[in-house]
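Following: one structure in structure tokens, then a few remarks.
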There are 2 protein chains.
Amino acid sequence: MSEQIVERPLVSITNVIFSFDTVTKQLLVLLLQRSQAPFMGAWGLPTTTLRSNESADAAALRLVKEKLGVHLTSNQTEQLGTFTNVGRVPGQRTLALTYMVYLPVKPALIPGAGARAVRWFAVTPRTDRDDLVAGDLSFTGLTDDVSAADFYQRERGTTQLAADHALIVKTALQRVRNRLNYAPTILRVLGVSFTLKRARELYALLERRSVSQIDNSNFRKTHGHLFEQVGFVRGNGSGRPARVYRLKD
Amino acid sequence: MSEQIVERPLVSITNVIFSFDTVTKQLLVLLLQRSQAPFMGAWGLPTTTLRSNESADAAALRLVKEKLGVHLTSNQTEQLGTFTNVGRVPGQRTLALTYMVYLPVKPALIPGAGARAVRWFAVTPRTDRDDLVAGDLSFTGLTDDVSAADFYQRERGTTQLAADHALIVKTALQRVRNRLNYAPTILRVLGVSFTLKRARELYALLERRSVSQIDNSNFRKTHGHLFEQVGFVRGNGSGRPARVYRLKD
DNA sequence: CCAAAAGTGTTCCATCTACACCCATGG
DNA sequence: CCATGGGTGTAGATGGAACACTTTTGG
């Protein structure tokens, strides 16, 4: 067997940035339309290149700062996984170190360098997948049963997003769901503090059921230990004002 | 602010390879003593360099083949995380893509290229950490409360293993523990099939308590759904022979 | 028949589920 | 004072923990 070439791959950082629309009560993911090769014209997740003097999580934070002007600290990101399939990007070998980012705000969007357009896409649950929808634009998510191996072997041609970003998004949502019952960091998209109603709305969305199916009283009892009362209430509409909570660390 | 240099880092694959000693009932981790810089003479996890024509998980499998001569398929490895701290290795910037590997056998060891010695180290639970012990050699594990940030800031000088391998081992054991109640893939170290007694022994070790504290009857009821009876029994000693089970997928 | 180890059953208690009820605010 | 939504309490169902008991093998 011949000795294999050891090369230096490009190392990119790719973020799944989550936010929340308090009006439509939708979980949002940031996608941008690429204005450069590879995948020019295609929509995909924000990506940057790792620099020599920064760790990958620092790069993930820098990416958020560059694309959205929002400064975050490192406890607002989580490493998702590293995607290394040989042909995942045409041309140069490129690894993707991926992170999940929970934005406590929903900033205005300005397309920056490398992007023709930027938009928030609503995570839209279907029976066995999650689509990403922004007005007229809609991207069908991978169905739940698709494994990474399946994706690279079969589904690759059918995906509408750049590279393997459909797989990255699916992986991210799966992770978020797994964490709902013990470390629901996704709730950070609701801001530093939130009402339990809002929390239940987000749970309902991710569990693919309606808010009314999650009993208020029981939700407090089963998940209350994860929250901490901030102590003040906020009279916002009709009915009794809700207390405000924050995630315990 | 000046533009930062975008370089191509070295990308290494580092494995936490688990096995099991059926005689001493110990969980084992493979360490080797380096015969090359950096960290010459220090003990550390098996590491290789990612090649141009292979994915990271393929490289993890190749590493096992090279060091142990054991051929595995990709469902016997799991991505652990990617370690990218800027100064984690002196000299060249090096990223570590880490994998966990569960060996269904305990192969004989032969030091190969780049290693002065190779040994199995027993995961030895203490009150708030796990040490790695092999006869006269012993490495103190990081205590449970040390975060990654803590490690790189404070604990770095005190660690006895190469680079950040103490942190990688700690992260691996933490992951293994988290999975015990829903996806105990660590049980693969017991081979393709195993008795529930062996499973409880491994659980006891990882939960830092004695086997007698895990009730046989209750263990079946709480974790039985994770296993599948292979169907035959194996008369191995005195007492009623145990049925043999395997992990459900 | 006895010892040893595997496997089963039973009771008790904690926790979750469903649902009724009470509380605080706006109009 | 009534409508609206937030917050509390309670009875039944479910699942885990402790422990007694039965089964199957070797000697």
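Residue numbering restarts at 1 for every chain, and letters A, B, ... go by the order of the sequence lines.
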Sugar-phosphate, base or nothing in reach of A:Ser217, heavy atoms under 4.0 Å: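 Base, at least one base atom sits under 4.0 Å.
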Sole residue of A:Thr143, A:Asp131, A:Asp144 in side-chain hydrogen bond (donor to acceptor under 3.5 Å, both in side chains) with A:Arg126: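 Option passing the side-chain hydrogen bond (donor to acceptor under 3.5 Å, both in side chains) with A:Arg126: A:Asp131.
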Please report, rounded to the nearest Å, how far the [atom2] atom of [N] is from the [atom1] atom of [X].
X        : N      : atom1 : atom2 : result
B:Glu201 : C:dA5  : CD    : C1'   : 12 Å
B:His223 : C:dG7  : NE2   : P     : 17 Å
A:Gln213 : C:dT17 : CD    : P     : 13 Å
A:Phe219 : D:dG6  : CZ    : C1'   : 14 Å

Identify which nucleotide among [options] has an atom closest to any side-chain atom of [X], counting heavy atoms from C-beta outward.
X        : options               : result
B:Arg240 : D:dG7, D:dA18, D:dT24 : D:dT24
A:Arg243 : D:dG16, C:dC19, D:dT8 : D:dT8
B:Arg220 : D:dG5, C:dT8, D:dA17  : C:dT8
B:Asp215 : D:dG6, D:dT25, D:dC19 : D:dC19

Should the side chain of [X] and the base of [N] be counted as holding a donor-acceptor pair, with the cut-off at 3.5 Å?
X        : N      : answer
B:Asn218 : D:dG16 : no
B:Lys221 : D:dT14 : no
A:Lys197 : D:dT4  : no
B:Asn216 : C:dG7  : yes

Salt bridge (Lys or Arg N to Asp or Glu O under 4.0 Å) between B:Lys170 and B:Glu155, intermediate numbers included: CA-CA 13 Å; B:Lys170 176 188 183 281; B:Glu155 309 267 339; over 6 Å; no
Parallel, tilted or perpendicular: ring planes of A:Phe227 versus A:Phe219, cut at 30 and 60 degrees: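 Ring orientation of A:Phe227 relative to A:Phe219: tilted.
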Aromatic plane relationship, B:Phe121 with B:Trp43 - under 30° parallel, 30 to 60° tilted, over 60° perpendicular: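 It falls in the perpendicular class, over 60°.
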Residue closer to the 5' end of DNA chain C, B:Tyr245 versus B:Gly239 (nearest nucleotide):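 Looking at the nearest nucleotide for each, B:Gly239 comes out on the 5' side.
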Close side-chain approach of A:Gln79 and A:Asp57, heavy atoms under 4.5 Å: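 No - every pair of side-chain heavy atoms lies 4.5 Å or more apart.
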